[in-house]
Amino acid sequence: MNEERIGVYVCHCGSNIAGTVAVEEVAQWAAKLPNVVVSRDYKFMCSSLGQELVEKDIKELGLTRVVVAACSPHMHERTFRATCERAGLNPFLFEMANIRELDSWATDDRAAATQKAKAMVSAAVRRVVYHQPLQLLPVKINPNTLIVGGGVAGITAALEIANAGYHVYLVEREPSIGGHMAQLDKTFPTLDCSACILTPKMVDVAQNKNITLLSWSQVEAVEGYVGNFTVTVRKKARYVNEEKCTGCGICIEKCPKKVIDEVFEAGLGYRKAIYRPFPQAVPKYPVIDTSNCIFFQRGKCKACQMFCPTDAIDFEQQDQILKLEVGNIILAIGYDTFDPRRIPQYGYGRLANVFTSLEFERMVNAAGPTGGRIVLRDGVTTPKSVAIIHCVGSRDKNYNEHCSRICCMYSLKFSHLLHERLPDAQVYEFYIDIRATAKRYEEFYHRVLEEGTRFIRGRVAEVTDAARMPGEEGKLIVQYEDTLIGKQRRLPVDMVILSLGMEARRDSREVAQIFGLGCEYNGFFIERHPKLDPVNTMTEGIQIAGACQGPMAIPEAVAQGAAAAARVLSLISQGTVMMEPVRAHIDADKCSGCRICNNLCPYNAIVFHEDRKVSEVITALCQGCGACVAACPSAAITGAHFTDEQVMAQIEGMLWDVQPQFAMTSMETR
Amino acid sequence: MNDSYEPVIVGFLCNWCSYRAADLAGTSRLHYAPNMRPIRVMCSARVEPQFVLKALREGADGVLIAGCHPGECHYVDGNIKALRRYELLKRMLRQLGIEEERVQLVWAAASEGNVLADAVNRMTEQLRRLGPLRWRETVLGGDAQPEERAGEMMAKEV
Ligand SMILES: Cc1cc2nc3c(=O)[nH]c(=O)nc-3n(C[C@H](O)[C@H](O)[C@H](O)COP(=O)(O)OP(=O)(O)OC[C@H]3O[C@@H](n4cnc5c(N)ncnc54)[C@H](O)[C@@H]3O)c2cc1C
Ligand code: SF4
Ligand code: SF4
Ligand code: FES
């Protein structure tokens with residue numbers, strides 16, 4: 001038997017717990033558990049009066065352990081740890097029993113809920129005896145920050161942090177920053193010119209001394225933990241010496257090889273083998289796309305080199321591997337649009353005049369492949385009728401269940417631009433619901449309604465070129481069910497635009513793996529809390545911002561970029577963070593040197609000492625998952641705060657009311 | 001066994017996904033069988049076979065291990081380690097004559113309170129049908145000591 005003196009506190013939480021659990025009964029019952037010297041119930045334990053009750057008992061009754069049965073530890077564990085600390089008790093000598101979320105809120109069977117609450121309290125009482133005093137681990141924060149993805153979210157975050165005086169590495173995998181916003185023409189609902197508001201920010205990034213811009217680069221590995229990450233970045237060869245290049249663009253002009261630009265021009269236009277995605281690209285240096293360059297493919301050409309006035313072309317350039325030391329990371333890798341080929345009945349790729357929304361953005365853009373003219377695929381004919389199909393790949397169990405939130409609005413924007421450029425054209429929007437929920441959106445919808453767009457409520461079944469009726473020849477026929485009148489109908493048009501939904505990046509899971517993050521079922525990164533912590537992740541020191549967290553428009557992406565930057569700045573200004581001391585430790589005397597644990601650790605936190613033939617956990621790298629603890633055949637590894645003894649005692653406590661199946665197992669006899 | 005038999009399940013929930021799923025089930029007032037008694041671990045990879053056997057020996061009728069979906073473990077792939085260990089454990093339980101349904105592994109994301117609640121309901125229902133675990137008969141065969149038998153008789157009457 002041991003000498004511990006435990007105080008148990010059962011919370012009513014108003015009627016949240018007391019409405020289902022007989023709290024007084026639980027408290028009275030708990031008073032008789034071994035080591036319990038005081039057991040109370042109280043209306044609101046987390047209130048200052050509730051906390052003072054605990055503090056007073058610790059001081060006056062000499063409590064050495066505290067159990068609070070109340071809500072989830074994710075809610076108030078920190079609160080009560082602080083309570084203990086104020087009264088001079090180590091905060092880890094505390095245990096919480098979650099009798100609200102996991103009990104009173106999950107049933108209305110009072111007897112069963114009370115029984116379960118007793119089990120949870122008895123488990124906590126038995127467990128807490130084996131708690132050990134622990135100290136939070138202070139970790140110094142490296143003031144440098146890594147930002148991955150140079151879309152509007154990443155750009156915003158980079159400028160916020162750099163302007164506060166701290167260094168930022170901005171890693172972008174394309175030749176230029178800008179992301180999707182750089183591709184857009186006008187932005188809803190205000191119709192400002194996208195490039196006009198974005199390019200000044202891009203130039204700020206290029207000129208800011210606190211930002212190291214690594215474009216045409218990718219993160220390959222991340223090691224370490226909050227405050228001290230080591231990041232491996234591959235800076236791909238551009239074959240252009242950035243020190244010599246002035247960005248004059250003569251090389252691009254002279255390059256004889258034209259290729260379809262699948263990325264920036266969304267397949268609608270061309271670029272050269274040496275290229276910049278767009279004239280205002282940041283950085284201004286072009287890159288050579290080796291799979292299309294005549295020299296790299298056939299060993300001859302070098303036109304760019306011949307004409308470059310500063311001798312900046314370097315065919316010998318190699319990829320560079322950089323090691324960056326940073327304290328915080330912001331992921332802002334954005335989204336991909338849904339691949340319309342997955343819905344073959346809409347004809348994209350087969351029917352020439354079916355366009356994607358991104359193609360249309362490029363088409364209406366004065367700097368785009370058609371110079372802003374709205375034309376059919378032949379490049380000359382102006383459409384007289386256009387159908388815009390909403391929710392392509394969204395709100396559909398077969399593809400994505402989620403609503404992409406922005407497609408209604410950009411579709412309305414397209415209607416407006418069509419009316420503006422082609423006043424005689426007839427425009428139809430096929431929608432399920434119009435979702436115009438943010439500031440100024442509904443007003444924009446009404447504006448477009450007044451401009452004469454025909455709104456048809458219904459899902460489109462098919463787009464076809466098989467004419468069946470007079471007037472359909474040579475047209476695209478949209479076959480749909482008008483759900484307002486419940487009829488199947490056909491509508492011949494010249495052009496169809498598919499409003500593609502937003503999806504997570506196709507490689508978001510691989511990126512998540514590199515950074516040790518979680519993804520939702522649909523690939524978007526998971527935030528720490530959906531309401532209270534939208535830019536933080538479960539991995540300390542890593543924030544997410546923009547459309548990699550979920551579908552969103554530019555204003556929200558900007559707000560998230562700024563929010564993530566604020567998070568990082570607050571950590572930097574603290575200088576150190578305190579980390580949970582839930583860490584593994586290997587007892588060198590017990591370790592047999594089998595090395596089973598070595599490969600299990602996801603963070604390579606376990607090193608093997610060849611000389612002594614024992615393994616050791618590097619505390620600073622260990623994240624406390626417990627995988628090695630569970631696997632060690634010699635029971636040489638202890639996982640602090642989740643030791644075998646603690647869990648075993650908890651199991652016994654949980655089963656206080658059932659008949660053990662075996663003698664000699666209770667902890668007392670161990 | 002009579003109608004009032006209610007199985008007791010010990011549930012090991014990982015801190016990052018399944019425990020949060022359980023929190024969410026509660027916050028959304030999803031009512032489910034109160035038969036599962038939760039123990040929080042940092043990751044499903046922390047659950048040792050020892051813990052499972054201990055729970056069964058101490059009188060639990062079943063053990064539920066819940067982790068994050070594959071690819072979503074907070075510690076990269078702890079749940080895959082748990083899955084491998086679970087497969088081994090199942091083989092061991094089979095040899096001991098313990099029915100498979102008594103030890104289950106499920107995935108529940110932090111946003112899937114309903115998935116966790118459903119798993120608990122389903123398992124409770126299966127265990128109700130199976131009845132109490134008779135460790136001594138199934139595992140120890142006839143070797144049980146007389147005083148243990150007495151305990152067994154009591155266990156049967158529950
Ligand atoms: C057709 C269309 C029209 C739209 N119109 C509007 C509008 O009018 N108004 C509005 O508010 N919103 C509009 N949007 C939405 C808008 O595009 C997004 O809200 C915005 O671009 C999100 O910014 P972001 O920075 O989060 O992501 P992105 O713009 O996608 O930027 C992400 C960046 O990260 C880079 N990246 C990706 N993966 C990696 C990696 N692994 N490593 C390094 N870098 C990486 C990408 O190259 C890119 O530069 C429209 C969207 C579409 C599809
Ligand atoms: S598993 Fe245990 S015994 Fe084997 S090397 Fe690791 S600590 Fe040592
Ligand atoms: S508990 Fe073990 S396996 Fe897990 S992170 Fe720490 S050292 Fe690695
Ligand atoms: S943290 Fe949930 S299974 Fe690893």
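These figures come from a predicted structure and were not determined experimentally. In the text below, chain A, chain B and the rest are named by the order of the sequence lines, each starting its count at 1.
Closest non-hydrogen pair, P34(B) versus A112(A), comes out as CG-CB, 3.5 Å. Taking all atoms of both residues into account, the shortest heavy-atom contact from W105(A) to H31(B) is O-CD2, 3.5 Å. Minimum heavy-atom separation, Y603(A) to Y75(B): OH-CA, 3.3 Å. The minimum heavy-atom distance between C625(A) and M42(B), with the atom names listed, is O-CB, 4.1 Å. When all heavy atoms of V647(A) and F12(B) are compared, the closest pair comes out as CG1-CE2, 4.1 Å.
Taking chain A as the reference chain and counting heavy-atom pairs below 4.5 Å, the highest number among V47(B), N15(B), V41(B), D77(B) is found for N15(B). Each of P38(B), P49(B), A33(B) has some count of heavy-atom pairs under 4.5 Å with chain A, and the biggest count is that of P38(B).
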Hey, can you pull the donor-acceptor pairs under 3.5 Å for the side chains in residues 113-125 of chain A, sequence neighbours left out?
{"residue": "T114(A)", "atom": "OG1", "partner": "A22(A)", "partner atom": "N", "Å": "3.1"}
{"residue": "T114(A)", "atom": "OG1", "partner": "R110(A)", "partner atom": "O", "Å": "2.8"}
{"residue": "Q115(A)", "atom": "NE2", "partner": "D657(A)", "partner atom": "OD2", "Å": "2.8"}
{"residue": "K116(A)", "atom": "NZ", "partner": "L102(A)", "partner atom": "O", "Å": "2.8"}
{"residue": "K116(A)", "atom": "NZ", "partner": "M36(B)", "partner atom": "O", "Å": "3.2"}
{"residue": "K118(A)", "atom": "NZ", "partner": "E25(A)", "partner atom": "OE2", "Å": "2.9"}
{"residue": "S122(A)", "atom": "OG", "partner": "G653(A)", "partner atom": "O", "Å": "2.5"}

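Proximity to chain A (any heavy atom under 4.5 Å) is shown, for A55(B), by both the backbone and the side chain. With a 4.5 Å cut-off on non-hydrogen atoms, H74(B) touches chain A through its backbone and its side chain both. Interface residue V8(B): only side-chain heavy atoms are found under 4.5 Å from chain A. The part of L30(B) that comes within reach of chain A is its backbone (N, CA, C, O), which places non-hydrogen atoms under 4.5 angstrom from that chain.
Within residues 16-24 of chain B, the residues that have a heavy atom under 4.5 Å from a heavy atom of chain A are W16(B), Y19(B), R20(B), A22(B), D23(B), listed by number. Heavy-atom proximity under 4.5 angstrom to chain B picks out R509(A), Q513(A) from residues 507-515 of chain A. Close approach to chain A, defined as a heavy atom under 4.5 Å from one of its heavy atoms, is seen in no residue of residues 96-105 of chain B.
The line from SG of C628(A) to NZ of K81(B) is 9.0 Å long, rounded to the nearest 0.5 Å. The line from CD1 of I651(A) to NZ of K54(B) is 7.0 Å long, rounded to the nearest 0.5 Å. To the nearest 0.5 angstrom, M648(A) atom CE is 3.5 Å from Q50(B) atom CD. Taking CZ from R40(B) and CE from M96(A), the interatomic distance works out to 9.5 Å, rounded to the nearest 0.5 Å. Summarising the geometry, atom CD belonging to E48(B) is positioned 4.5 Å from atom CG belonging to D644(A); distances are rounded to the nearest 0.5 Å.
At a threshold of 4.0 Å, the pair D103(A)-R37(B) does not count as salt-bridged, since none of the basic side-chain nitrogens sits closer than that to a carboxylate oxygen.
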- Task: Go through the steps to decide whether T27(B) and E101(A) satisfy the test side-chain contact (heavy atoms from CB on, under 4.5 Å), and finish with yes or no.
- Result: CA-CA 6 Å; T27(B) 310; E101(A) 281 85 343; 3.8 Å; yes
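Taking a 6.0 Å sphere around CZ of R78(A), one finds it holds 12 or fewer heavy atoms contributed by other residues, nucleotides or ligands.
Looking at V629(A) and R46(B), their side chains come closer than 4.5 Å, going by heavy atoms from C-beta outward.
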